[in-house]
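Remarks on the structure that follows.
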There are 2 protein chains.
Amino acid sequence: MSNQQSLDDRKRNILKAVVDDYIETAEPVGSKALVDKHHFTWSSATIRNEMAELEALGYLEQPHTSAGRIPSDKGYRAYVDNLVQVEDVSTEEAEKIRHYLKDSLDELTGLIRKASTLLSDTTGYTSLALSPHVTQSHLQQIKMLMIEPGRALVVVVLSAGVVKDRIVRVPDILDANQLMQIAAAIEEGLSGMTLNDITLVTVASAARHAALPESLLNQVLYEAYVSIKQADNLELYIEGQHNLLSFPEFHDINKAQTFFKTLACDGMIAGYMSELKENDPEQSDNSFDTEDPCVQDGKRICPAYMIRIGQEIAVEGLRDCSFVTTTYKMGSVVAGRIGVIGPKRMAYSKVISNISFVKQTINENLRQIAQGEEISEENRT
Amino acid sequence: MSNQQSLDDRKRNILKAVVDDYIETAEPVGSKALVDKHHFTWSSATIRNEMAELEALGYLEQPHTSAGRIPSDKGYRAYVDNLVQVEDVSTEEAEKIRHYLKDSLDELTGLIRKASTLLSDTTGYTSLALSPHVTQSHLQQIKMLMIEPGRALVVVVLSAGVVKDRIVRVPDILDANQLMQIAAAIEEGLSGMTLNDITLVTVASAARHAALPESLLNQVLYEAYVSIKQADNLELYIEGQHNLLSFPEFHDINKAQTFFKTLACDGMIAGYMSELKENDPEQSDNSFDTEDPCVQDGKRICPAYMIRIGQEIAVEGLRDCSFVTTTYKMGSVVAGRIGVIGPKRMAYSKVISNISFVKQTINENLRQIAQGEEISEENRT
DNA sequence: ATTAGCACTCTAAAGGTAAGAGTGCTAACA
DNA sequence: TGTTAGCACTCTTACCTTTAGAGTGCTAAT
């Protein structure tokens with residue numbers, strides 16, 4: 001890290017040029033090509049010397065003796081932290097993103113899925129999106145609706161405006177009214193509690209106010225409890241997997257298969273994504289967007305984006321990739337994470353600008369939902 | 001088709017052997033290897049002559065002059081129609097399937113998704129499953145639940161036991177009671193009608209019984225109508241895409257990408273699958289399973305499975321594949337389709353047996369749901 | 001009708017060569 | 001002392017040639 005300080009201007013220029021060219025061509029870049037393309041004032045011999053030093057410092061690698069250089073993980077890291085010029089998202093794309101996300105105000109998961117589709121479409125890589133994490137939300141409503149004797153729909157509404165439902169079995173003899181009574185009792189007793197605080201015991205004690213025999217209650221209680229808990233189930237949306245097959249790094253069938261197989265383990269990936277934290281000392285605060293709601297008192301409290309490169313990715317099968325993610329918020333709490341995965345040789349500039357813009361757009365939309373939510377809570381009290 | 005009649009026993013034997021071997025090895029099979037492996041009583045020269053004739057008849061092809069033969073689409077067709085020996089599904093696999101599908105009695109889409117996962121797991125190919133098609137079902141319940149001012153959950157329950165819901169915007173001033181009134185009016189007016197027969201007009205006239213100003217009603221009506229119609233939206237579940245990368249026919253990146261890209265167009269695939277009909281004159285009735293509910297009076301009224309090979313597949317990007325599908329039923333109507341897609345050189349025997357068994361297991365489970373359903377209807381009247 | 005034998009064809013693997021891109025090093029230069 | 005021209009060297013890639021082998025079709029014998 002402090003190595004980066006020691007890079008003089010020329011080295012930085014050369015490193016940036018190497019990474020830029022390699023991102024573009026996927027071919028090792030040599031000293032001569034570099035001079036030709038970037039009109040450097042230094043000769044190719046000088047650049048050769050500098051590149052040898054950059055290699056010694058660990059920023060570049062050589063596939064074999066007589067080839068050009070390619071960036072190492074460390075080289076990419078320096079590039080994204082200090083060198084990359086983030087372009088503005090084009091007006092058409094901004095328009096496209098805004099327009100496409102506009103009509104999803106009502107359904108949160110729909111919004112996230114669309115955002116995911118947008119990211120894979122506009123970047124040409126694969127996008128991953130995590131449904132919101134709502135453990136800190138509190139229960140607002142729980143309703144049970146009889147579908148037919150023995151089957152019921154449980155609807156759980158959380159403070160974040162999240163609605164989840166689930167079909168469950170209930171005792172055949174239970175009728176619709178009794179079911180509503182139970183739900184009402186649970187709602188009465190538990191609404192306002194966070195999901196974390198709700199246990200089978202609290203559910204049971206709340207339901208005791210429904211004047212029904214315990215034998216009838218038990219199965220229903222359990223299902224209600226599970227339904228509440230399942231509101232927090234993480235879902236992962238993946239879009240544009242096939243995009244990666246375009247890139248030479250995935251022309252090796254084994255790599256492609258490893259990648260696809262790994263993504264098929266959505267539970268694992270979802271777990272990884274939900275545990276990603278911005279606590280990496282190497283991570284710059286990459287602030288470039290003052291409109292962002294994550295900026296407070298001029299200081300960025302959550303970075304606009306986060307990047308994991310190669311070996312930095314904790315998931316075995318994705319070590320040949322780079323992963324650019326960002327969080328989205330509902331009100332003031334981080335709700336979920338959305339990101340783009342692709343080859344390490346990724347067009348970081350474009351990805352960063354697009355992902356930041358999508359993040360911003362999602363947050364704006366979610367703020368509107370959250371505001372509606374606050375109004376609703378005021379009405380309640 | 002009548003060509004098949006003209007194939008004598010020896011030709012049939014040889015054709016079957018060629019297809020079997022090619023399925024196993026993915027290498028063109030030659031006359032000598034055939035004799036060695038199958039201990040035919042004929043000499044390789046005889047087999048050569050026969051293979052030349054089979055090629056002239058269109059059942060076999062030669063990649064180049066001095067190579068062995070591979071089956072043509074017509075060859076595969078003859079194989080699956082007349083030659084393949086369908087093995088029984090192994091007891092472990094049968095147990096696995098039954099066990100894995102057992103707990104999904106409550107949720108129909110869950111059942112179908114699990115079945116899809118099972119198929120791709122047990123066959124090693126890619127599975128496709130279509131959610132049930134419910135246009136012929138009739139509306140049983142429609143409920144509206146206020147989430148917060150301005151947002152409501154619409155729940156639609158159909159006769160088939162299908163439950164769909166959707167979050168919609170409603171006028172802010174509408175309260176929970178008014179919403180329930182509207183839903184009750186619509187339910188009162190429309191329950192019993194098939195989805196096909198319900199139009200915006202019928203919804204509107206039903207809702208007129210809710211004593212509310214028309215200005216308030218209109219948006220809600222429209223959303224209710226859309227929710228009812230959307231109950232019929234087809235969803236497609238795809239599992240095990242990465243499996244196909246194991247097969248040499250997909251080692252060509254372009255083919256792999258075409259395949260993945262095509263599958264990403266789920267709307268198109270869903271449309272294709274839902275329109276597949278068992279009206280193919282070349283399609284044998286492939287009856288081999290007398291326990292199947294599709295057999296009536298000893299005659300099979302819907303085939304246990306359907307196979308489309310290569311050019312028979314109407315979807316451009318899947319012409320290098322074979323597609324084995326079957327339908328599942330709810331009560332007595334065909335509800336949806338589930339299938340396996342893979343290389344034309346597919347282990348048809350295993351796929352057919354697994355898919356037939358899964359079909360049967362789904363149908364058994366769905367019959368239970370349907371029975372519950374009928375009870376519920378009796379209770380109603 | 002079947003089959004042994006043989007000449008022929010074509011592919012895939014192996015080896016050998018040449019071109020080219022890129023390097024590191026040395027020596028000259030400002 | 002930092003920079004650069006020049007050059008020998010290395011390594012990969014593409015291309016060509018050769019060879020082995022698998023498989024065929026045809027002919028003639030059974």
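Labels below follow one simple rule: chain letters A, B, ... track the order of the sequence lines, proteins then strands, and each chain is numbered from 1.
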Taking for each residue the nucleotide of DNA chain C with the nearest heavy atom, is it B:Ser44 or B:His64 whose nucleotide lies nearer the 5' end? B:Ser44
Rounded to whole Å, how long is the line connecting atom CG of A:Leu60 with atom P of C:dG22? 15 Å
Starting at CZ of B:Arg48 and ending at C1' of C:dC8, how long is that distance when rounded to a whole Å? 13 Å
Does B:Thr65 have a side-chain nitrogen or oxygen under 4.0 Å from the phosphate oxygens OP1 or OP2 of D:dT24? no
Distance-only donor-acceptor test (3.5 Å): side chain B:Ser66, base C:dT9: yes
Just the rounded figure in Å: distance from P of C:dT23 to CD1 of A:Ile14. 12 Å
Just the rounded figure in Å: distance from P of D:dC26 to CE of B:Met51. 14 Å
Starting at CZ of B:Arg69 and ending at P of D:dG23, how long is that distance when rounded to a whole Å? 12 Å
Return the minimal non-hydrogen interatomic distance between A:Ala129 and A:Ile338, and the atom names on each side. CB-CG1, 3.9 Å
Give the nucleotide from the list D:dT4, C:dT23, C:dA4 with an atom nearest to the side chain of A:Gln62. C:dT23
When the nearest nucleotide of DNA chain C is assigned to A:Ala45 and to A:Ala33 on a heavy-atom basis, which residue is associated with the more 5' position? A:Ala33
Give one of base, sugar-phosphate or nothing for B:Ser31, where a contact means two heavy atoms less than 4.0 Å apart. sugar-phosphate
For A:Leu54 and C:dG24, give me the distance from atom CG to atom C1', rounded to whole Å. 16 Å
Could you tell me how far apart B:Arg10 (CZ) and C:dT3 (P) are, to the nearest whole angstrom? 8 Å
Looking at every strand, decide which applies to B:Ala67 at a 4.0 Å heavy-atom threshold: base, sugar-phosphate, or nothing. sugar-phosphate
Less than 4.0 angstrom from a charged side-chain N to a carboxylate O is my criterion; do B:Lys344 and B:Asp320 meet it? no
Using atom CG of A:Leu34 as one end and atom P of C:dG22 as the other, report the distance to the nearest whole Å. 10 Å
Residue pairs meeting salt bridge (Lys or Arg N to Asp or Glu O under 4.0 Å), one or both in residues 256-266 of chain B, sequence neighbours left out, come to none
Over all heavy atoms of both residues, which pair between A:Ser353 and A:Glu87 is shortest? Give the atoms and the distance, please. CB-O, 2.9 Å
How about A:Phe250 and A:Cys321: do any of their side-chain heavy atoms sit closer than 4.5 Å? yes
